[in-house]
Amino acid sequence: MEKALWYLIAGTRGGENRARIIRALEEQPRNANQLAEELDVGYNTVRHHLEMLEDHDVLERGGRTYGELYFLTDRFERHWEEFETITEHLE
């Protein structure tokens with residue numbers, strides 16, 4: 001998970017937005033539209049980041065229909081300190 005987080009957050013373009021999505025989902029589950037509005041990022045951009053985070057087991061969908069909510073995975077939450085360390089390098 002640590003290598004995936006370095007890649008997703010610090011190693012590729014869009015890492016800052018992915019970190020913002022993760023922090024928003026830590027507060028409460030949200031759907032893609034809610035995240036786009038809250039973070040002031042385009043809907044398609046948010047969907048792209050959500051797919052990348054889901055592919056790397058950082059988050060999971062609560063359903064497979066329009067408006068599904070996204071949640072952080074238990075596996076990711078066990079690596080929260082590593083996420084915090086990585087995001088320090090973005091500032």
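Index from 1, following the sequence.
- A ring pair (Phe, Tyr, Trp, His ring centres under 6.0 Å) check over residues 5-43, counting only residues at least two apart or in different chains, returns the pairs W6-H89, Y7-H56.
- Scanning all heavy atoms of the two residues, the minimum distance from A32 to V46 falls at O-CG1, 3.8 Å.
- Judged as a salt bridge (charged side-chain N to carboxylate O under 4.0 Å, His left out), and not counting sequence neighbours, E77 has no contacts.
- Between the side chain of R18 and the main chain of R13, a donor-acceptor pair closer than 3.5 Å is present.
- Within the 4.5 Å cutoff, the side chain of I21 has no heavy atoms near those of the V41 side chain.
- For the salt bridge (charged side-chain N to carboxylate O under 4.0 Å, His left out) test with R23, the passing option among E84, E38, E16 is E84; the others fail.
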Could you walk me through whether R61 and L50 pass the side chain to side chain contact (heavy atoms under 4.5 Å, CB included) test, one step at a time? CA-CA 9 Å; R61 283 187 261 183; L50 290 171; over 6 Å; no
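- The line from CD of E54 to CZ of R47 is 8.5 Å long, rounded to the nearest 0.5 Å.
- For the pair I9/I22, a side-chain contact is recorded, criterion being any heavy-atom separation below 4.5 Å from C-beta on.
- We find the CD-CG distance between E60 and D74 to be 7.0 Å, quoted to the nearest 0.5 Å.
- Remark: Y70 pairs with no residue by the ring pair (Phe, Tyr, Trp, His ring centres under 6.0 Å) rule, at least two apart or across chains.
- In this structure, M52 is a member of the same hydrophobic cluster as L39, with clusters built from ILVMFWY side-chain heavy atoms closer than 4.5 Å.
- Side-chain contact, R20 with N17: a donor N or O sits under 3.5 Å from an acceptor N or O.
- Looking only at side-chain heavy atoms (C-beta outward), L69 and Q28 stay at 4.5 Å or farther from each other.
- Under 4.0 Å is where a charged nitrogen must lie from a carboxylate oxygen, and between K3 and E82 no such pair does.
- Taking NE2 of H79 as the start and CD1 of I86 as the end, the distance is 10.5 Å to the nearest 0.5 Å.
- Atoms CG and OG1, from L35 and T45 in turn, are 12.5 Å apart once rounded to the nearest 0.5 Å.
- Using a 30° and 60° split on the angle between ring planes, F76 and W80 fall in the perpendicular class, above 60°.
- F71 and P29 make their closest contact through CE2-CG, 3.1 Å (heavy atoms, listed as atom of the first residue, atom of the second, distance).
- The distance from the CG atom of L72 to the CG atom of L53 is 9.0 Å, given to the nearest 0.5 Å.
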